[in-house]
Amino acid sequence: MMARALLLLALGVLLGAPEAAQIPVGESEHNVTAPDGRTRHFTVYVPDPSARRAEAAALYGLVLFYHGLNEDAEIMLGEGEGRAMADWYNFVAVSMHGAATTPMPVSAWNVGSCCAGNEDSASATDDVGFTEEVLTYVKNEVTVDASKVFAMGFSNGAWMVYRLACEVPELFTGFATAANGPDEDQMGDVFTACENRVVDDPDIDPPPPMWQVIGDADGQYTDANGATMPERWERHARNVMQCSVGGGAQPYSVDGPAGVGDDVTCTTFTNCGAPTIGDEAEVVTSSGGIDDRSSTVLCVYSGMDHVYPSSETTPYHLGVTEAAWRYLTGETSAWRNTIPLGTSDHSLTHDGLTRTFEVYVPESAVDAAPGLVLFYHGLMESADIMLDDHKATDVADFYNFVAVSLQGAVTTHRAPVPAWNVGGCCAGNEDAGFETDDVGFTEAVLDYVRDANITFDASKTFAMGFSNGAWMVYRLACEVPGLFAGFATAANGPDMTQQGDVFAACEALTDPPPPMWQVIGDADAQYTADGEDMPARWERHAENVMQCNVAGGARQLSFDGPDFLATDVTCSTFTECEGSNTVLCVYAGMEHEYPIYDEEPYLLGVTEAAWRHFTGEGGFWMQEAEISAAAAPTPGYGLGLAALVALLLTTI
């Protein structure tokens, strides 16, 4: 038995995993008996050690969360991002549940004069004692890093965190508060005792570092005595944190995630006293080094009301939980990716290069898991052209998918313009020595968006490209077909000269890629390449890559139905393929273009048509929806649409 216990202890130290089954991996409910005799409840979330990021620390940190008035433990794990950040940064998230008492019959914390009883009431709850019991309970079951034990609170829970920082600072190595500051009226004698710590005991040490945030439109920004949060923060910095405030606060720059703008202003005092935090722990500075002094930061969110900001809170995108964790630990790894609604710019480092991309998230993604489409622009173009000029955002709004437009790199090969490395062309090539790894970039972007705050419909992940970007999509279809459920290309086809060795390797595939939708104009200079027209190259690609039976020739894919689907577009298909299919649409008279859904005379957009082909989407086409919004459809029109949908589902 002793040997088994030692083995479990060793594994816990190495993996940061629970040492006993009482607190399992995942989420579980627990209770303790507080010193006041009450049975108190709390929720524990333990990240799966097998899913830990390589950049995250091996040993768990520990964060205790305190919710707001009349809330519950779940809100801090969900909306407060306790679970999400615990997974990303590898800490145990413990969400405490406030008690309901006779003076305040809703869940709350006793912070002095408010709210779960008070120091003069017989019903006052001992929330400090409850905290001590929970810390003992959790530390007995889970091995945690003693230098990463924090308390974070919202509103009434923020006052609770201030109380802990004053009365039991040695239990923690840092604190974070949101939507409340030190408040004489609400905290009463607790506030007074906290403010007078140094007066009462000149040798007393300050609490560990604190991260505090509030919105300037919050009703708590100014207290009942007319003191604003910055004024109260400065007083707290002087009287409690023992900071030198004579020179005023200094700006604190947050090198935050994408989307963090000028709407958040952070300031700091760093010349503060040295905290006492127990024998096992040390203070870690925001630069990652060990320090023997405390510090305090206040971030004011312009226009924000009474909320606990998360990484998804627009327009700020600076979540309390993540920002505080990074400040208190000195974390320097990547922020957990945050992708807001609308269009946002993002970047990552791959293969030694900083690569950029734009992401558009429709509002419909809030209510239902969206699809995901990666777009590749043409030679000399930029990422925004696919979203704006080619109207991917309009289609994303209509069909609910996230549109990610990648930016090609500029190299010294050929013309120094944005391009994709498709083999023999264009952003370097396989023999040049300075080729870009655009396949790897694609994989990195997929990892980035999938690790972000959006849950996608995994069955609806597609790649679409124009011109040089079309060749890039052909390359993806050959080299990483498993990453996508379908591919669409416009204004280019398989090309032996431009794709070089990539073309040859593609022709030798043993397993076909997912379905492909390909379009080109017969007046496009790229319609003929390698001495063959596009239909001939498409048929060869269908036979050699898609593994279709082409002996009987392609059959026409008819778009009979509404008038807007013009006869200027001829679509053909091979469907007798090895679990896949391929379509080619030739646009009569069209030159080197990416056709758009509302562009005459064709009115058949690549993005929309490919999406419907891959997903089997029925209902109105976008152009029909615009028509129906202008005038009520007749019964005959509705029958025509139903016939079109039925035809598409049976022929594609």
Side-chain angles (χ1 to χ4, degrees), residues 9 12-13 16-25 27-47 57 59-67 73 76-77 80 82-83 85-86 89-99 109-111 116 125-154 157-177 190 205 207-211 275-284 321 324-325 328-329:
L9 177 60
V13 171
E19 296 167 9
Q22 192 165 359
I23 300 183
V25 169
E27 191 166 317
S28 53
E29 302 297 326
H30 302 267
N31 60 75
V32 295
T33 301
D36 59 10
R38 289 182 172 90
T39 298
R40 301 297 299 275
H41 305 282
F42 57 102
T43 303
V44 181
Y45 178 76
V46 179
L59 202 59
Y60 288 132
L62 175 60
V63 180
L64 269 60
F65 291 95
Y66 296 81
H67 59 71
M76 297 302 288
L77 295 179
R83 271 189 298 267
M85 295 306 166
Y89 292 105
N90 200 40
F91 63 78
V92 175
V94 178
S95 195
M96 313 281 279
H97 195 86
W109 305 104
N110 175 8
V111 298
T125 56
D126 183 0
D127 291 320
V128 174
F130 172 36
T131 295
E132 292 174 312
E133 291 294 331
V134 169
L135 283 170
T136 299
Y137 181 102
V138 173
K139 288 181 176 180
N140 282 341
E141 301 296 332
V142 184
T143 301
V144 299
D145 184 339
S147 70
K148 298 177 181 177
V149 181
F150 310 124
M152 303 186 186
F154 166 60
W159 287 330
M160 185 64 213
V161 169
Y162 280 114
R163 180 170 196 170
L164 295 172
C166 285
E167 297 186 7
V168 286
E170 70 281 356
L171 297 182
F172 298 91
T173 56
F175 302 91
T177 67
V190 170
D205 295 326
M210 297 195 71
W211 180 272
T276 297
I277 53 178
D279 296 333
E280 300 177 356
E282 296 172 300
V283 174
V284 184
T321 302
W325 172 270
L328 297 172
T329 63

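Side chains are part of it too, since the values below use all heavy atoms of this structure and drop only hydrogens, waters and symmetry mates.
At least one side-chain heavy atom of Tyr66 sits less than 4.5 Å from a side-chain heavy atom of Thr131. In this structure the side chain of Val168 never reaches within 4.5 angstrom of the side chain of Arg163, judged on heavy atoms. Here the side chains of Gln22 and Tyr137 are in contact, with some heavy-atom distance below 4.5 Å. Taking the side chain as every heavy atom from C-beta outward, Val190 and Val111 never approach each other to under 4.5 Å. Contact annotation: the side chain of Tyr89 never approaches that of Thr329 to less than 4.5 Å [non-hydrogen atoms, C-beta and beyond]. Under the 4.5 Å side-chain criterion, counting only non-hydrogen atoms from C-beta, Trp325 is not in contact with Met85. Side-chain atoms of Arg38 and Phe130, non-hydrogen and from C-beta on, never get closer than 4.5 Å to each other. Between Phe172 and Leu64, the closest side-chain pair of non-hydrogen atoms falls below 4.5 Å.
Here the closest non-hydrogen pair linking Phe65 and Ala93 is CE1-CB, 3.8 Å.
Using a distance-only test at 3.5 Å, with no hydrogens or angles considered, no donor-acceptor pair links the side chain of Asn31 to the main chain of Thr39. Within the 3.5 Å criterion, the main-chain N or O of Thr125 finds no donor-acceptor partner in the side chain of Asp36. Checking side-chain atoms of Thr173 against main-chain N and O of Ser147 turns up a donor-acceptor pair under 3.5 Å. Between the Thr177 side chain and the Ala158 main chain, no donor and acceptor come within less than 3.5 Å of each other.
The side-chain hydrogen bond (donor to acceptor under 3.5 Å, both in side chains) with Thr43 is formed by just one residue from the set Glu29, His97, Glu27; it is Glu29. When each of Leu328, Val138, Leu135 is paired with Val149, the side-chain contact (heavy atoms from CB on, under 4.5 Å) condition holds for Leu135 and for no other.
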Please step through salt bridge (charged side-chain N to carboxylate O under 4.0 Å, His left out) for the pair Glu133 and Arg40, ending with a clear verdict.
CA-CA 10 Å; Glu133 291 294 331; Arg40 301 297 299 275; over 6 Å; no
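Classification of the Trp109-His67 ring pair by plane angle, with boundaries at 30° and 60°, yields tilted.
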